[in-house]
Amino acid sequence: QVQLEEFGGGLVQAGGSLRLSCAPSGGTPYKYTMGWIRQAPGKEREFVAAISWRDQNTAYADYVKGRFTITRDNAKSTIYLQMNSLKPEDTAVYYCAGDSDRRSTVGTIWSDYDDWGQGTQVTVSS
């Protein structure tokens with residue numbers, strides 16, 4: 001398994017923006033689908049967005065469409081999540097995750113992802 005590492009996160013007011021990034025620790029190349037999964041206090045983990053390694057196909061959860069954008073730099077094996085128009089309900093721990101079974105497709109079931117980061121807290125105040 002590969003350890004992923006998240007960067008970014010923090011506290012922002014509602015309507016504000018944050019950018020998260022994620023890369024494998026140690027600079028290990030990662031040629032698989034990667035994405036973001038979040039978990040709010042007292043709730044189950046839920047899929048947010050993901051992007052494939054080949055062709056950079058993307059998928060978004062309905063509750064972030066139009067507000068969040070996922071991108072990828074394959075040369076750095078790094079993904080980014082630009083989060084705009086943040087809402088208090090976006091408050092959660094955001095996990096970077098990788099799906100080593102996929103290179104060109106994107107899965108939206110969070111439990112299918114098998115490589116994980118430790119998570120970064122995003123807090124949106126009202």
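All values below come from the heavy atoms of this structure, side chains included, with hydrogens, waters and symmetry mates left out.
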*Does the side chain of Thr91 come under 3.5 Å of the side chain of Glu89 through a donor N or O and an acceptor N or O?*
no

*So, for Lys31 and Arg103, which heavy atoms are closest and what is the spacing to 0.1 Å?*
O-NH1, 3.0 Å

_Option from Tyr95, Trp116, Tyr94 for which side chain to side chain contact (heavy atoms under 4.5 Å, CB included) with Glu6 holds_ = Tyr95

*asked:* Side chains of Gln118 and Glu5, heavy atoms from C-beta outward: is any pair under 4.5 Å?
replied: no

*Less than 4.0 Å between a side-chain N and a carboxylate O, is that true for Asp62 and Lys65?*
yes

*For Leu4 and Ser25, what are the C-alpha separation, side-chain angles and deciding distance, and is it a side-chain contact (heavy atoms from CB on, under 4.5 Å)?*
CA-CA 6 Å; Leu4 303 174; Ser25 60; over 6 Å; no

*Short side-chain to backbone donor-acceptor contact, Asn57 and Ser104, under 3.5 Å*: yes

*Sorted by first residue and then second, give each side-chain hydrogen bond (donor to acceptor under 3.5 Å, both in side chains) pair with at least one member in residues 10-24; sequence neighbours left out.*
Ser17-Asn84

_Any Thr58 side-chain heavy atom under 4.5 Å of Thr69 side chain_ = no

*Atom CZ in Arg54, atom CZ in Arg102: separation rounded to 0.5 Å?*
13.5 Å

*Can you tell if the side chain of Met83 reaches within under 4.5 Å of the side chain of Val122, non-hydrogen atoms only?*
yes

*Using the rule that two of Ile, Leu, Val, Met, Phe, Trp, Tyr join whenever any of their side-chain heavy atoms come within less than 4.5 Å, decide whether Val64 and Leu20 are in one cluster.*
yes

*How far apart are the closest heavy atoms of Gly107 and Ala50, and which atoms are they?*
O-CB, 4.4 Å

_Heavy-atom closest contact (Asp99 atom, Asp114 atom, distance)_ = CA-OD1, 3.7 Å

*asked:* Is there a side-chain contact between Leu86 and Leu18 in this structure, where contact means two heavy atoms from C-beta onward sitting under 4.5 Å apart?
replied: yes

*Can you pull the ring pair (Phe, Tyr, Trp, His ring centres under 6.0 Å) pairs that have at least one residue in residues 12-71, sequence neighbours excluded?*
Tyr30-Tyr32

*Applying the side chain to side chain contact (heavy atoms under 4.5 Å, CB included) test to Gln56, which of Thr71, Asn74, Val106 qualifies?*
Asn74

_For Ile79 versus Cys96, what's the shortest heavy-atom pair and its separation?_
CD1-SG, 4.1 Å

*asked:* Please find the pair of heavy atoms, one from Tyr113 and one from Ile109, that lie closest to each other, and give the distance.
replied: CD1-O, 3.5 Å

_Check this for me: Gln3, atom CD, are more than 12 non-hydrogen atoms of other residues, nucleotides or ligands nearer than 6.0 Å?_
yes

*Do Leu81 and Arg38 come within less than 4.5 Å of each other through their side chains, counting heavy atoms only?*
no

*Honestly curious: do Met34 and Val93 fall in one hydrophobic cluster under the side-chain, below-4.5 Å linking rule?*
no

*Which heavy atom in Gly35 sits nearest to a heavy atom in Ile70, and how many Å separate them?*
CA-CD1, 4.3 Å

*Is Arg67 close to Asp90 at the side-chain level, that is, under 4.5 Å between some pair of heavy atoms?*
yes

*asked:* Counting C-beta onward and ignoring hydrogens, is there a side-chain heavy-atom pair between Ser77 and Thr28 closer than 4.5 Å?
replied: no

*asked:* Under a 3.5 Å distance rule, please check whether Asp73 uses its side chain to pair with a backbone N or O of Ala75 as donor and acceptor.
replied: yes

